[in-house]
There are 2 protein chains.
Amino acid sequence: MVTIRDVAKKAGVSVATVSRVLNDNGYVGADTRKKVMKAIEELNYSPNEVARSLYKRESRLIGLLLPDITNPFFPQLARGVEDELSESGFRLLLGNSDEHVQKEMDYIQTFIQNNVVGIISATNHVDYHIYNEVKTPLVLLDRTTDNHPAVYADGREGGRLAARTLIEKGSRKITILKGPAHIKPARDRFQGAIEELSQAEVDFSVLSTTSYSFEEALGWAKELFEQFPDTDGVIASNDIVGIAAIHEALKRGKRIPEEVQIIGYDDIPQSRLSYPTLTTIRQPAYEMGREAARLLITMIRKETVTQSTIQMPVELIERDTTRKG
Amino acid sequence: MVTIRDVAKKAGVSVATVSRVLNDNGYVGADTRKKVMKAIEELNYSPNEVARSLYKRESRLIGLLLPDITNPFFPQLARGVEDELSESGFRLLLGNSDEHVQKEMDYIQTFIQNNVVGIISATNHVDYHIYNEVKTPLVLLDRTTDNHPAVYADGREGGRLAARTLIEKGSRKITILKGPAHIKPARDRFQGAIEELSQAEVDFSVLSTTSYSFEEALGWAKELFEQFPDTDGVIASNDIVGIAAIHEALKRGKRIPEEVQIIGYDDIPQSRLSYPTLTTIRQPAYEMGREAARLLITMIRKETVTQSTIQMPVELIERDTTRKG
DNA sequence: TTGAAAGCGATACCAC
DNA sequence: GTGGTATCGCTTTCAA
């Protein structure tokens with residue numbers, strides 16, 4: 001391993017000088033600088049981040065905590081976060097929490113142990129006390145509490161929009177798939193949808209689901225059509241379930257959107273690939289990730305944060321599982 | 001920040017002793033230990049990984065380099081890697097390379113700068129010289145070269161299997177979608193498929209694609225049926241493209257699998273959700289991730305590695321885009 | 001403009 | 001069994 005001492009020796013200067021040229025601060029004579037640069041080049045030296053981090057008591061690492069990278073919504077978030085952060089020279093320490101308090105705490109702890117300069121968390125236990133003890137800047141992503149900066153999409157409005165769309169396009173017996181109760185955004189959407197449905201002249205039923213997993217999605221879809229066979233409009237808890245609903249509807253010979261309309265949530269990439277393509281409420285996941293990263297960076301830089309909770313707009317993406325016009 | 005000195009002071013012992021109980025080595029008297037534990041507890045102390053890493057010249061971090069977490073195959077890999085590693089107390093430093101040499105090199109460098117104990121890479125430029133300069137244990141995932149330990153699936157056999165399946169089930173005019181030329185596993189599959197097709201009594205055509213992106217998948221599918229309208233069997237370069245092909249076929253009123261059979265590759269979770277469900281060649285992505293992590297860990301522990309390149313089996317998953325029997 | 005030296009928070013050697 | 005202390009590679013004060 002090449003260290004700063006090797007460089008100093010080779011350049012015939014002290015380590016202090018090398019450090020100065022590395023960090024580009026303090027006075028360094030023009031030709032001294034040149035000598036040092038040359039030595040760095042020749043030795044192919046790059047500074048040890050760990051030593052730097054130890055002294056400065058902060059690294060260039062950011063902790064990112066996700067519920068489950070395997071759920072297609074989160075890679076989008078993660079990608080947005082990474083793209084934005086890496087432009088500023090930060091790197092990602094990643095953890096999946098599986099919505100498991102213990103795992104979550106473990107990761108938060110390693111983040112701290114590794115001197116991360118900031119944390120972005122998209123998990124459910126944000127109200128858990130450990131978050132209040134975190135001293136490094138923290139941004140919640142796709143979640144909210146009253147205590148922390150956050151970037152999230154307007155779930156309530158999303159739910160309303162979904163319901164309104166189905167109603168306007170003529171569904172009269174709507175079944176709403178309620179997402180996992182412990183996930184806040186899922187509750188918001190549900191609430192929004194219920195608001196809209198309650199004040200409209202339509203029948204509606206609720207089917208509660210307990211997960212977003214691929215394995216179970218088809219199960220929920222099946223249950224949906226078994227329990228409510230005359231459903232002519234489905235508000236899915238997310239696109240995965242929405243796509244499963246398409247599957248199940250077609251399997252039962254129902255025509256989409258003539259007999260059943262289906263609307264999803266998230267607008268994950270694959271919702272464009274289903275047949276028929278899935279109408280859905282878009283959350284700008286990638287942009288949310290970027291936005292969260294941006295917010296975190298300003299906090300890290302101790303610049304004034306004009307807005308510490310950023311609500312991103314949701315948007316109706318009309319595709320082929322709802323009727324035209 | 002609570003340091004080892006605080007603990008030492010509170011417990012009325014030296015830092016050396018605290019260190020001993022922390023790492024559970026060396027002699028420590030029973031009640032001294034107890035005192036120290038108590039102090040640790042009360043101060044809610046947890047050791048600074050950075051300092052530890054600096055002294056030991058190795059962290060507990062593992063670098064994971066992926067082409068693009070947004071492609072649904074990779075989260076599976078990543079999850080497998082993480083689950084296995086975290087059980088042994090390692091944490092993940094994540095990077096997306098976008099199959100971009102520069103990004104790849106940058107990440108490899110930060111990995112090294114952060115004292116990672118090992119690297120798992122699923123990118124394309126593994127033959128690039130930088131990998132030969134990496135001193136920390138390195139495992140390639142879903143890729144191979146002659147120089148490095150690797151975990152990958154048998155792409156050639158997968159390609160053969162895909163082709164053989166379509167042929168056996170009666171397709172006579174097969175179109176094969178050739179994946180991006182710069183991706184080795186894609187080439188392997190293609191080669192396997194071609195082998196099988198060449199020696200069978202079937203017509204076949206090739207359509208070259210240049211990416212795996214969602215955006216373009218529908219484009220390839222459209223092109224496929226435009227250029228080769230009498231195709232009765234499609235070998236897709238992966239499941240994304242496979243699902244897009246289903247979409248396009250249905251759109252054109254083709255019955256699946258009666259008029260066109262379609263076979264995908266990967267067995268990503270959503271291939272079970274399409275309608276009809278996608279027949280595909282399964283790569284055990286999650287297990288591959290775990291296996292790579294396991295291999296890396298044995299290398300890190302300097303235990304003897306019995307097998308440094310692990311080829312995982314591929315498997316035909318028969319679903320509804322191919323004919324029965 | 002440069003260098004010597006004191007840390008940063010751990011670990012581990014050596015002495016007692 | 002326990003403590004003192006050099007050390008890891010870097011940054012930053014302070015003096016020259």
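Since this is a predicted model, take the numbers as computed values, not measurements. Letters go in sequence order (proteins before strands), and every chain restarts at 1.
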**Item:** Tyr152(A) six-ring face occupied by Arg143(A) cation (under 6.0 Å, within 45°)
**Value:** no

**Asked** Is there a side-chain contact between Tyr131(B) and Ser121(B), using heavy atoms and a 4.5 Å cut-off?
**Response** yes

**Request:** Flag the pair Arg52(A) and Glu49(A) as a salt bridge only when some basic side-chain nitrogen lies within less than 4.0 angstrom of an acidic carboxylate oxygen.
**Result:** yes

**Message:** Report for the helix from dT1(C)-dA16(D) to dC16(C)-dG1(D): angle between first-end and last-end helix axes, five pairs each, rounded to 10 degrees.
**Reply:** 50°

**Message:** Generate the contact string for nucleotides 8-16 of chain D. Rules: B means base contact, S means sugar-phosphate contact only, - means no protein heavy atom under 4.0 Å.
**Reply:** BBSBBB---

**Asked** So, are Glu87(A) and Arg290(A) salt-bridged, with charged N and O less than 4.0 Å apart?
**Response** yes

**Request:** May I have the step-by-step check of side-chain contact (heavy atoms from CB on, under 4.5 Å) for Ile69(A) and Phe74(B), ending in yes or no?
**Result:** CA-CA 9 Å; Ile69(A) 192 79; Phe74(B) 295 106; over 6 Å; no

**Ile183(A) side chain near Arg187(A) side chain, heavy-atom distance below 4.5 Å** = no

**Fill in**
In terms of heavy-atom contacts, Val116(B) and Ser59(B) come closest through CA-OG, 3.6 Å

**Request:** Look at Arg294(A) together with Glu291(A) and state whether they make a salt bridge at an N to O cut-off of under 4.0 Å.
**Result:** yes

**Message:** Just to verify, which of Thr17(A), Val18(A), Ile40(A) counts as forming a side-chain contact (heavy atoms from CB on, under 4.5 Å) with Ile4(A)?
**Reply:** Val18(A)

**Outermost DNA chain C nucleotides near chain A [under 4.0 Å, heavy atoms]** = dT1(C) to dG9(C)

**Asked** Taking all non-hydrogen atoms of both residues, which atom of Thr70(B) and which atom of Arg79(A) are closest, and how far apart?
**Response** OG1-CG, 3.9 Å

**Message:** Applying a 4.0 Å non-hydrogen cut-off, can you work out what Ser53(B) is touching in the nucleic acid: base, sugar-phosphate, or nothing?
**Reply:** nothing

